[in-house]
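Report on one structure; see the data block that follows.
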Amino acid sequence: MTTTLTTPATATARTSPEAARKKWTVAEVQGLFDLPFFDLLFQAQQVHRANFDANEVQRSTLLSIKTGGCSEDCGYCSQSARYDTGLERERLLPLEEVLDHARAAKAKGSSRFCMGAAWRGPKDKDMEPVLEMVREVKKLGLETCVTLGMLKDGQAEQLADAGLDYYNHNIDTAPEFYGQVITTHTQQDRLDTLDKVRDAGINVCCGGIIGMGESQTSRAGLIAQLANMQPAPESVPINNLVAIPGTPLADGTKLDPLDFIRTIAAARITMPASYVRLSAGRQQMSDEMQALCFMAGANSIFYGERLLTTDNPESDRDDVLFARLGLRSV
Ligand code: SAM
Ligand code: DTB
Ligand code: SF4
């Protein structure tokens, strides 16, 4: 078995020749999707092994620090105030409650703690309590990540000063499909926030959702857009839509699971040094499907029984899966 050197996907990715890598056209990514399934997986596994230890998977734990009542109309989201999803709104959690969750995540073996808020973006008054959470979670020895929506000038710098390691902000889908899912902001708004995060020196966590009724071309477009960011995001969450009753995307056609795996493989091939996270939707996947996702180059998961508002596999189930596959967590 080849065990290759792990390439940290942070600072080196920016300075290495990787940063000057080729641009991917949508047609080229489509070409990857068109490969025979096993040729695609073999290529992805080769790229994976050249850049990472193929038996190591990073684990992040999520916590919703402010739930529901969001002004935006993202068609997949349980937390939009526009849809009746039965979700109860909650205020920003107190610091101590957040720290209890963070300590538990660390004790379970998570290396990163991601705090999510159902905001279009943080108001000025929201910043200090969130900055305090970042500082205190970091003191526990965990990497920190927040996802707070769109940032105004200066807010990314405040987060950087607090020691934030990652900011999650997804572009979600290809530009031509974006307006069919979300109308209250544009994809360009999201790209502007990503620029602010990058300029402040914070690692970028940016990915999207598969299974919203997008065409395969749009799926290729999403991957090409992520891969062509200079530099590519350090962390790339690929979410399988969790269909939420009450949202516009509650009853769409189900995605072929093999097409989800193809998308993971394309992300791995086009973003060799990035962590590709098998994100939302694992609760609905068999162990065998997840194994194929890891084989296709996924090397990060959300760990812990809850995502933001929906269920994720119990950590015991993941521990058994890791043991069955001989995977180590990092
Ligand atoms: N409000 C912030 C924002 O929009 O960036 C942070 C929270 S938002 C819930 C974070 C991401 O979770 C979304 O961009 C989307 O990619 C993902 N997400 C939300 N609901 C989902 C669902 N039902 N299925 C899959 N992914 C979902
Ligand atoms: C990401 O890409 N996926 C996470 C995280 N970033 C914030 C969120 C998934 C949410 C799934 C639906 C829910 O639990 O509400
Ligand atoms: Fe609000 Fe984020 Fe959900 Fe969109 S994805 S409705 S911005 S919480």
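Scope of the values below: all heavy atoms of this structure, side chains included, with no hydrogens, waters or symmetry mates.
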Stepwise side chain to side chain contact (heavy atoms under 4.5 Å, CB included) check, L308 with L62: CA-CA 6 Å; L308 290 174; L62 265 176; 4.0 Å; yes
I269/L40 under side chain to side chain contact (heavy atoms under 4.5 Å, CB included): CA gap, chis, key distance, verdict: CA-CA 9 Å; I269 292 165; L40 174 61; 3.7 Å; yes
Nearest-0.5 Å distance that lies between atom [atom1] in [X] and atom [atom2] in [Y]:
X    : Y    : atom1 : atom2 : value
C206 : L194 : SG    : CG    : 4.5 Å
E72  : D189 : CD    : CG    : 9.0 Å
L164 : C145 : CG    : SG    : 6.5 Å
D319 : L327 : CG    : CG    : 11.5 Å
L99  : M133 : CG    : CE    : 8.5 Å

Hydrophobic cluster partners of I244 (side-chain heavy atoms under 4.5 Å):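 V242, all in the cluster of I244.
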Hydrophobic cluster (4.5 angstrom, side-chain heavy atoms) - remaining members for V320: none
Side chains of [X] and [Y] in contact at under 4.5 Å (non-hydrogen atoms):
X    : Y    : value
K123 : D126 : yes
S80  : C74  : no
Y303 : D318 : yes
P237 : C205 : yes
T309 : S78  : yes
P94  : E97  : yes
I182 : D172 : yes
L131 : Q158 : yes

Pair W119-S71, side chain to side chain contact (heavy atoms under 4.5 Å, CB included): steps then yes or no: CA-CA 7 Å; W119 289 324; S71 63; over 6 Å; no
Exam field: side chain [X] to backbone [Y], donor-acceptor pair closer than 3.5 Å:
X    : Y    : result
E214 : G211 : yes
T193 : M150 : no
K106 : K108 : no
Y83  : Y76  : no
Q58  : S300 : no
N228 : K23  : no
Q30  : A220 : no
Q155 : P122 : yes
N312 : E305 : no
D39  : L35  : no

Looking only at heavy atoms, which two atoms of [X] and [Y] are closest? And how far apart?
X    : Y    : value
C70  : R120 : SG-N, 3.9 Å
L241 : L249 : CD2-O, 3.9 Å
A227 : A232 : O-CB, 4.4 Å
L325 : A291 : CD2-CB, 3.9 Å
T173 : Q225 : O-OE1, 4.2 Å
I238 : A267 : CD1-CB, 4.4 Å

Pair up each side-chain donor or acceptor in residues 253-261 with any protein partner under 3.5 Å, not counting sequence neighbours, and list the distances.
residue: D256; atom: OD1; partner: L258; partner atom: N; Å: 2.9
residue: D259; atom: OD1; partner: R262; partner atom: NH1; Å: 3.0

For [range], which residue pairs pass the salt bridge (Lys or Arg N to Asp or Glu O under 4.0 Å) check, not counting sequence neighbours?
range            : answer
residues 26-35   : K22-E28
residues 142-153 : R112-E143, D124-K152, D153-K196
residues 75-92   : none
residues 173-183 : none

Worked verdict on E56 versus N299 for side chain to side chain contact (heavy atoms under 4.5 Å, CB included): CA-CA 7 Å; E56 282 186 356; N299 61 349; over 6 Å; no
From CA spacing to verdict: salt bridge (Lys or Arg N to Asp or Glu O under 4.0 Å), R198, E234: CA-CA 11 Å; R198 191 51 94 197; E234 282 76 17; 3.1 Å; yes
F52 and H48 aromatic ring geometry - parallel, tilted or perpendicular at 30°/60° bounds: perpendicular
Test item: side-chain donor near acceptor, S329 and R59, under 3.5 Å: yes
What pairs with [X] under salt bridge (charged side-chain N to carboxylate O under 4.0 Å, His left out), at least two apart in sequence or on another chain?
X    : value
R277 : none
D251 : none
E96  : R103
K138 : D165

I264 with L321, same ILVMFWY side-chain cluster at under 4.5 Å: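 Shared cluster, yes.
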All side chain to side chain contact (heavy atoms under 4.5 Å, CB included) counterparts of S215, not counting sequence neighbours: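 Partners of S215 by the side chain to side chain contact (heavy atoms under 4.5 Å, CB included) criterion, ordered by chain and then number, come out as T217, S218.
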Salt bridge E128-R135, side-chain N to carboxylate O under 4.0 Å: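 Here E128 pairs with R135 in a salt bridge, since their nearest N and O are under 4.0 Å apart.
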Note: E136-K139 ion pair, threshold 4.0 Å (strictly below): yes
Criterion side-chain contact (heavy atoms from CB on, under 4.5 Å) against N239, the qualifying member of L307, L278, I210, N170: N170
Enclosure of F42 CZ (heavy-atom neighbours >12, cutoff 6.0 Å):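 Count not over threshold, so no.
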side-chain hydrogen bond (donor to acceptor under 3.5 Å, both in side chains), paired with Y178, selected from Q188, Q187, H185: H185
